[in-house]
Amino acid sequence: MGTVRKRGKMWYAYWTDAQGKRRCKSVSPLKRDAEAFLHRVEGEIRGGVVGGYKAVPFSQAAEEYCEQVAIRRKPATYANVERIMRLRLVPWFGDKPVGAVTRKDCDAYAFDRVTNGSSAPGTVRNEIGTLIAFMDFAVRWGYAVDNPARGMEKPKRRSNAMAVLDAQQLRKLIEGAEGRYAPIFATAGLTGLRAGEISGLMEKDIDFANHVVHVRRNVFQGKITTVKTENSVRDVDMPAHLEEMLRAWLASPLRPQSRESLVFPNIYGGILNMSTVREHALYKTLDALDLPHIRFHDLRHTYASLLIAQGEPLTYVRDMLGHASVRTTADVYGHLLYETRRSAAAKLDGQVFGSGDGAC
């Protein structure tokens, strides 16, 4: 229980806070003011409120936050957030009251992950983004007065970490793949669709009349769901060779029958597990053809890099990939623009001065 004492001309309040630490504060020259202050502080502690926020442990708030994400967000988003909270943020912040988390604590977490961990910058950026969103939630629920994670400096993406195939290598992969996998690789490399988007393609999505592929759904954990974001709903231009391959595949007796009319069903007619495609088809095909070892998602990067190399504007690349903004596209693929800029400068030089030695 707290007490008030007079020291010199001022009355002081003494109490024990929610963490068991003794506290002292100079309040007023009047005893009744000090007693009123102490009464309010002790009431806040009994109600779990400290310093204007409810003293809830980080671990408890993390569980509540994940429950809200599960209700409000897509399953893939929930899985990512739950994993980051469980494996990274909760072990670091523990049972510290959310409202007591400081910017110094947040920066210490980021510094430790960058310097002592083996994670890529993109992974740490994702974790920091999750921490920021979580602290916003804590403020809304009264668990914190403000968000100390806002404005945290995120590690820069590695511009040279992207593995892609060039045009000749992509053609070699498509032509050298086993029959039922060739149209899958072609769809990934010539449209930039994500693995889950390819698994969710239905016959009605292949629009031969308008030469586009309609992206309307995604597959996550073996279930058909909505696409990743609103911008992921898009129509992707379909090259002529891909049209020809898809026409042949849809009419092929090798294609299993599917109740959902999936373009690429598994051998039983159900949803295709793309991890199986990666492990049993892509990696083996790359090795057999002596091609660089890339991930399946790198076929999406390959598609974007080929568009940029042939001079397509970033707005077009953005629309085909389903990015929310050109800035996202530039952040991911901006390093690929250097050669395109050099080519543009050479073309301008030739247009102004001709193809000779530049003399007027």
Side-chain angles (χ1 to χ4, degrees), residues 122 156-175 177 182-198 200-201 205-218 227-247 263 282 291-292 294-352 355:
K156 295 181 179 180
R157 291 186 176 95
R158 294 173 184 165
S159 61
N160 60 346
M162 188 180 297
V164 298
L165 301 179
D166 60 30
Q168 290 70 33
Q169 291 171 332
L170 178 59
R171 178 175 180 175
K172 187 176 181 180
L173 172 65
I174 294 171
E175 294 181 346
I184 296 178
F185 297 156
T187 301
L190 296 175
T191 67
L193 267 64
R194 301 177 178 91
E197 294 171 342
I198 293 175
L201 281 178
D205 299 323
I206 311 302
D207 189 344
F208 293 113
N210 294 301
H211 314 290
V212 296
V213 175
H214 302 298
V215 182
R216 298 294 184 268
R217 66 198 65 80
N218 184 45
V227 290
K228 183 177 180 181
T229 65
E230 291 182 1
N231 297 95
S232 296
V233 176
R234 63 197 188 278
D235 296 334
V236 181
D237 294 331
M238 185 165 41
H241 279 81
L242 179 59
E243 283 194 41
E244 183 180 337
M245 292 185 70
L246 290 178
R247 283 184 187 275
V263 175
L282 178 61
L291 290 171
I294 62 171
R295 305 167 303 162
F296 190 89
H297 192 74
D298 290 328
L299 291 173
R300 176 175 166 86
H301 295 324
T302 293
Y303 169 74
S305 68
L306 293 176
L307 290 182
I308 292 173
Q310 69 185 30
E312 301 299 338
L314 282 183
T315 51
Y316 178 78
V317 180
R318 172 203 62 193
D319 293 343
M320 295 299 99
L321 293 176
H323 285 162
S325 68
V326 171
R327 179 175 181 178
T328 301
T329 310
D331 284 346
V332 178
Y333 301 107
H335 64 286
L336 300 175
L337 293 172
Y338 177 76
E339 291 300 327
T340 303
R341 294 199 303 267
R342 295 304 306 155
S343 176
K347 289 179 182 178
L348 177 61
D349 189 76
Q351 180 179 343
V352 176
S355 57

Donor-acceptor contact present, side-chain [X] to main-chain [Y], <3.5 Å:
X: E197; Y: R194; answer: yes
X: Q310; Y: L307; answer: no
X: R300; Y: L321; answer: yes
X: T328; Y: A324; answer: no

As an exercise, state the distance from [atom1] of [X] to [atom2] of [Y], rounded to the nearest 0.5 Å.
X: T329; Y: H323; atom1: OG1; atom2: NE2; value: 5.0 Å
X: H241; Y: E175; atom1: NE2; atom2: CD; value: 8.0 Å
X: F185; Y: I198; atom1: CZ; atom2: CD1; value: 10.0 Å
X: L242; Y: R247; atom1: CG; atom2: CZ; value: 11.0 Å
X: L306; Y: D166; atom1: CG; atom2: CG; value: 8.0 Å

- Message: As a quick check of understanding, evaluate side chain to side chain contact (heavy atoms under 4.5 Å, CB included) for V263 and I206, giving each step before the final call.
- Response: CA-CA 9 Å; V263 175; I206 311 302; 3.9 Å; yes
Considering all heavy atoms of both residues, which atom of [X] and which atom of [Y] are nearest to each other, and what is their separation?
X: A304; Y: V317; value: CB-CG1, 4.2 Å
X: Y303; Y: G189; value: CB-O, 3.5 Å
X: M238; Y: D207; value: CE-O, 3.8 Å
X: V236; Y: V215; value: CG2-CG2, 4.1 Å
X: V164; Y: D298; value: CG1-O, 4.5 Å
X: I294; Y: A163; value: CG2-CB, 4.0 Å

- Passes side chain to side chain contact (heavy atoms under 4.5 Å, CB included), I174 versus R171? Steps please. CA-CA 5 Å; I174 294 171; R171 178 175 180 175; 5.9 Å; no
Answer yes or no: is there a side-chain heavy-atom contact under 4.5 Å between [X] and [Y]?
X: D237; Y: T191; result: no
X: L246; Y: E244; result: no
X: L299; Y: L190; result: no
X: L173; Y: L282; result: yes
X: P292; Y: L165; result: yes
X: L201; Y: L193; result: yes

- Applying the side-chain contact (heavy atoms from CB on, under 4.5 Å) test to D235, which of R216, M320, H211 qualifies? R216
- Within a radius of less than 6.0 Å around NE2 of H297, do more than 12 heavy atoms belonging to other residues, nucleotides or ligands occur? yes
- Could you go step by step and tell me if V213 and T187 meet the side chain to side chain contact (heavy atoms under 4.5 Å, CB included) rule? CA-CA 9 Å; V213 175; T187 301; 5.8 Å; no
- Item | side chain to side chain contact (heavy atoms under 4.5 Å, CB included) between I308 and L314, worked out | CA-CA 7 Å; I308 292 173; L314 282 183; 4.2 Å; yes
- Message: Set out, in order, the CA-CA distance, both residues' side-chain angles and the distance that settles side-chain hydrogen bond (donor to acceptor under 3.5 Å, both in side chains) for T302 and S305, then state yes or no.
- Response: CA-CA 5 Å; T302 293; S305 68; 5.1 Å; no
